[in-house]
Amino acid sequence: MRTFLALALVVIAACGGNAPVGAPAPDGAKPLSGTLVIYSSIFTDAQEALKAGFEKANPQTKVEFLNPGGTEAIIKKLVAEKADPKADIMHSGFSLEYQLAKKEGLLQVVDPKDIFGGIADTLKIGGVDVPLKDKENMYFAFGIQWGGLEINTDRMKALNLPTPKALTDLTDARYKGHVGFMKPQNSSTAFTNVMYTYHALGNDEAKFRDYWAKLNTNIAFYTEKSSTLYSLVAKGEVPIGIVGSRAVYRDQMDGQKVEFIYPSDGSVVLDNTMGLVKGAKNRELAVAFMRFHFSAEGQKIMADASLMPVRPGITASRPEATLEWATKNIPKVIVPDPAIAEAKRADILKLFDGYTQGRSK
Amino acid sequence: MLYLALFLVLPLGRVLGEAAVAVATGRVGLDLAGGYGEYILRVTGNSLTVASLTAIISVAIGLPLAFFVAKARTPGRAVFAVLLALPLITPPFISAFATILLFGRTGVITQLLATVGIPELRIFGATGIVLTHVLHFIPLAYLTIAAGLRIVPPWLEEAAASLGSSTAEVQRRVVLPYVAPHVLMAGVLVFLASFGDVGAPLLVAGDYRVLALETYTSFTGIGGDPELPIVLAAWSVLLSIAALVAVKMLIERTQVRHSFTARALVHDSRPLRVVGLLFCSVISVFLLLPYVAIGISSFGTVWGAGLLPNAFTTRNYEFVMGHPEAFVVSLALAAIATPICVALALFGNLLLREHPRAAAVLDYVTLLPFVIPGVVIGIGLVSTYNGLAVLGAPIPLAGTPALMVVAFSVRRLPWAMRVMAAGYARIDSALEEASASLGASRLRTFRQVTLPQLAPVLAATGTIAFIRVITELGSSLVLYPPGWRTAPVAIYYYVVEGFIGRASAIGVVLVAIVALASALVSLDQRAIWRAARAPLGRLPRRRRAVPKAA
């Protein structure tokens, strides 16, 4: 019996191994091969499209995505596996979380020339420079969405609620119980959006705390994941969400009665980012996969998933999801400051522990 | 024993040990003011409230339901018996999103009720969790109570009736006290199932935080104390062990009555038939509504605020057929975990027969996975086997599907043990003794005498284990490695990302697979439902033949 069990476990463990089936070779010499392991919090439709696109272009490769429960869960998993990394790429979630991953020593340098394919490493939108990479080349943004407000138009009408125009409108007592948000402890969209409010309020600590103390009383509930909030707003269960633009445009294409509001106090850059895991076992394959994101084909996948491509000239099912539309139409852009985010992270998470664990509500 | 020690006792012991160190050294403060004490007590209180309400409501509905199916000649009761058991073969989170579709602010039922002036339910919170759990666990209560009602000696009721008591009086004064332990057991089983569930709270808890949910989200989140998940997991283990003692006591009490088994009295009258039919129909419709909603949703594009999806399509099923990976993974893991689970149950029960002194300990250990949430078992396994090395050689368990197999086989052992116990209980030890007296070795006796007698129950055990393994979510969420996303995990992610139609289609196929598995082994349905309801029943002791008088 014990022999049988031991044998079974060895067989399964062997099946689950992620070792490449063939060694990667220099470009053009030999096709890429092997299994790439990606810890990603990206939405499922983009995940499936990226996997299909890369595997089609590189038939001897296999891409395995794992979402352990959000970007924060990815960081915890990478920390736990630091001595023997299982993943090659940390994928999706926003740059503020990558700053944390970098601080934890989870990422390694990649030469931007190996992946950018001629794209500039900064975009100019709303009169602001939007960086697409870390100063030390440890992480790179492959697509952008905008922080703002999602509203369910039917539900707002039924509840006779006015459409909020700015983040500061949300503290109005009329919205009590009608605003949804996510837990910043579990969602990078939430954490970046919290920093968004910090910046929108002029980086003023007192104003920030006062704003959240008021807004917290209006929040119906905090979801564990950003995607849960999108689907609940689309369903009309909660009429307003502080979210990212991508899912709103996707829901519109599905026929849901939702709208995305670019707040007058600014729209934060939610930069979907990726980085090469320190100690990754398949570096060359991983770099090739990162490069694929910036290719026209990879960028088209982003655009079709309503994530704004960072390469110019890529068309999208929704015009709002193109770089050209954003450059012309988004009036005020806020770029989150990684240094402030890191300095404030512990305090902010403690504040939200209080809110989400109910101690301050 | 070694398997259970390594993959159940050790991980849970480690969780308790790490938590004790974290608390003792002050790294996780438990003081009520400023520490986690108040928070832990509050989420525990919330869990106890939700589980208690679920148990009370489920028993209150399950009791009359059991009466009408088991003790009254209700028309169509055989059909009701099958329909009412459907929720037991599906994980609760599948019905959680159906709860939103039906009872949410824009849900179908909510809209229909609004037309007659009934205000909307606030389902995000305790109400939603209780509603989802009640819809899911009423069958558990009903089946447990029905099992008790079927063994009420008929002469008790006949005697009471002959003294002039009405049917209602007989039920209240004679039958109810007789099956009180079963009613209590039903309440405890529903309570435990509700207390440990993470799937439904993940979708409908809102800001009503419960222990299982907080354990999982603190495990996946950052912020707060990094050791908080271990402390929450340890607290769940301690509470579960306390619950286990209660379960064991109830098991002893419910088993006493079995020695009086006789054909139960079945009541029949026209009013009883009418009331029974009405009551069973209403409850069946109520219980099956979530599955109807899931079925409709599986053919829908998106389901907004309307009474039906915006449009109908077959693309969700086309997607499922084109992407069968999650099912392949689920079936592959179940194909390996199920035989291990059956083997553990086979040899575990053998050990209990051969070594009665070890029985008490083994009995408790094999029941532990029933009362401990899957998420906690997952956290324990990760915490124990992540980066484990023996003499410098890494043990390649963490991050591989092997740990999922381990978790599944251990977690579903209580069910397998109890079904297998029923098989052992039927074995006449006189045959084994005869074999031994003829010089056969113990191994040969087991192989040629004992095992053939167990053959029928092996299939039943395998089916129960398979059903439970293939619908497991809690431990999978914590343990699944890249490329090994199971069907329940896929459903979970699709639901939270808003791909409700796709999740529904996978849910429908999953239920179909489970139903097909049951049908394939031509298993007695009653055996499935009886065993599926819980690890009821005392583990077997060697049955000795009574010497006949010469």
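Because the structure is predicted, anything quoted here is derived from the model rather than measured.
Heavy atoms closer than 4.5 Å to chain A are found in both the backbone and the side chain of B:Thr217. Contacts of A:Thr44 with chain B are made by both backbone and side-chain atoms, with heavy-atom separations under 4.5 Å. Proximity to chain B (any heavy atom under 4.5 Å) is shown, for A:Glu237, by both the backbone and the side chain. With a threshold of 4.5 angstrom between heavy atoms, B:Arg122 does not approach chain A through any atom at all. Contacts between A:Asn152 and chain B at a heavy-atom distance below 4.5 Å are absent for every atom of the residue. Contacts between A:Leu100 and chain B at a heavy-atom distance below 4.5 Å involve the side chain alone, from C-beta outward. For B:Tyr494, the part sitting under 4.5 Å from any heavy atom of chain A is the side chain, from C-beta outward, and nothing else. When heavy atoms are compared at a cutoff of 4.5 Å, A:Lys235 approaches chain B by way of both its backbone and its side chain.
Put simply, CZ on A:Phe43 and OH on B:Tyr493 are 15.5 Å apart, with the number rounded to the nearest 0.5 Å. Atoms CG and CD1, from B:Asp207 and A:Ile219 in turn, are 10.0 Å apart once rounded to the nearest 0.5 Å. Rounded to the nearest 0.5 Å, atoms OH (B:Tyr36) and CG (A:Asp353) are 5.5 Å apart.
Geometrically, A:Arg250 engages B:Phe499 in a cation-pi contact defined by less than 6.0 Å to the ring centre and at most 45° from the axis.
Salt bridge absent: B:Glu325 and A:Lys62 never bring a charged side-chain N and a carboxylate O closer than 4.0 Å.
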